[in-house]
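The structure displayed is predicted, hence computed values, not measured ones. Every chain is numbered from 1, with letters handed out A, B, ... down the list of sequences.
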2 protein chains.
Amino acid sequence: MLELRLVQGSLLKKVLESIKDLVNDANFDCSATGFSLQAMDSSHVALVALLLRSEGFEHYRCDRNISMGMNLGNMAKMLKCAGNDDIITIKADDGSDTVTFMFESPTQDKIADFEMKLMDIDSEHLGIPEAEYHAIVRMPSAEFGRICKDLSSIGDTVVISVTKEGVKFSTRGDIGTANIVCRQNTTVDKPEEATVIEMNEAVSLTFALRYLNSFTKASSLSNTVTISLSSELPVVVEYKIAEMGYVRFYLAPKIEEDEEETKP
Amino acid sequence: MLELRLVQGSLLKKVLESIKDLVNDANFDCSATGFSLQAMDSSHVALVALLLRSEGFEHYRCDRNISMGMNLGNMAKMLKCAGNDDIITIKADDGSDTVTFMFESPTQDKIADFEMKLMDIDSEHLGIPEAEYHAIVRMPSAEFGRICKDLSSIGDTVVISVTKEGVKFSTRGDIGTANIVCRQNTTVDKPEEATVIEMNEAVSLTFALRYLNSFTKASSLSNTVTISLSSELPVVVEYKIAEMGYVRFYLAPKIEEDEEETKP
DNA sequence: TACCGATGTC
DNA sequence: GACATCGGTA
């Protein structure tokens, strides 16, 4: 028996909107610790890791560890039917092949339940090691989103270079080149407007903008984003979910090709 | 000679936006009583009835009963050219085959007149008997609209069931099932937020969501909607137009098929 | 199905 | 003026 009551239901709505385009089907894993998901994107290039800790739920009952395979598109459709102020409860009976989403309006005048079929999904639960990163950039999520969107109108890939002074995003395309530099800046009114760079070693890595743009759909979950970079490691783009956990996106860097090869 | 001056022109704009997708061509009937319309939708499944009483107009002159056939799409196009604060005057000379819409901006700085050709339309003016209904639900129009929209992302039809406690909207589709219950609730701040159920007999009827979703385009005309249900009778979905009349939509229930037949 | 543009609201 | 939502297009 599983029953998870999430007062701020809009969080779950936003999580699904942010990952459903990247991953079609995935297993949600539920344990005493929390509600989590880990899945490769459909082209097996990026990885999504979601964690909603049990403490973040108003009521959390999970009798035994359970893995529920869901089609994220269908799940998102159902969650769209919840109001942004609704309380969402996720329910599943032991051994059942369905999950129920219950939506309670703030006034309790309207109570909805949506039942969805579960599916069997081969899960490839990769343990993701906690790594040391050469550089960690924290910046406003809206700004990062804007940069990725802007650069993708010029080129397909972005080079992210971190030095002590700042982080540089560069691209190159048929119509020209673009460089955007964000300087470290902690003298701001609100802490979430800061751009903070922790750096042990300068790094410069190349990524496909297509994926970064998909990641930034999670911007509504948090005002800030954390980008953790190391040479030879996948970048981690993390959006914290207030009081509850995070959504993290992992993306392997492109191996820099010779200039000559990129322009055949 | 016909001359109807409507100070709150936005009402007419909204009326046309709400019915133009359902009905292509229709006769507007003008008499001393008011300005009205009654028409089947293009697939002859639903019926629209509009009444704007003469008292609601600032000036109302209608020398003799007249029926004016209009293409509602074209009429809506013209009305879109009126500002929301404009005063709209509808004019027609006796025996003319055109109608003129005049728009006066609130400041009188701008005066526009649009002339539209009338058309001959076979009208099938069905007398609609005032019936007794088993159950009448009054609820916020926005809420009803949201429910119809949400459910149509899951299924094609909705079962509306009324009991003393509340009204239940249910659907079923490929990805799962959904039930939304609205409880009777009269303890609200504003009367238009109430959900009120008058019930003589429990009813449970099935309707095509496609039509209900079309009806709810009239939600901007009124904060509340009234849904009148009886077994074997078309449902009536009514939006009152402040001080003037109403738009009513009629839709026949679907005859419930056996479970076996719906799942071939 | 995903992206982009336009519209309406706060 | 900015954000969010909705509708249309690719």
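For the pair A:Arg146 CZ and D:dC3 C1', the computed distance is 14 Å after rounding to whole Å. Note: CG (A:Asp25) to P (C:dT1) measures 12 Å, nearest angstrom. Rounded to an integer number of Å, the gap from CZ of A:Phe215 to P of C:dA2 is 15 Å. Counting to the nearest Å, the P atom of C:dA2 and the NZ atom of A:Lys77 are 11 Å from each other. In this structure, A:Leu22 places its CG atom 10 Å from P of C:dA2, rounding to the nearest Å. Whole-Å rounding puts the A:Arg210 CZ to C:dT1 P distance at 16 Å. To the nearest angstrom, P of D:dT5 lies 11 Å from NZ of A:Lys80. The CG-C1' distance, from A:Asn213 to C:dA2, rounds to 12 Å in whole Å.
Proximity of the aromatic rings of B:Phe35 and B:Phe28 is defined here by a centroid distance below 6.0 angstrom, and this criterion is met.
Counting only distance, with no hydrogens or angles, the side chain of A:Asn27 and the backbone of A:Ile121 share a donor-acceptor pair below 3.5 Å. Between the A:Ser141 side chain and the A:Asn223 main chain, a donor and an acceptor come within less than 3.5 Å of each other.
Taking the side chain of A:Asn84 as heavy atoms from C-beta on, and the options D:dT5, D:dC6, C:dC3, the nearest nucleotide is D:dT5.
Using a 4.0 Å cut-off between charged side-chain N and carboxylate O, A:Lys91 and A:Glu115 make no salt bridge.
Contact check, A:Lys217 against C:dC3: a side-chain N or O comes under 4.0 Å of OP1 or OP2.
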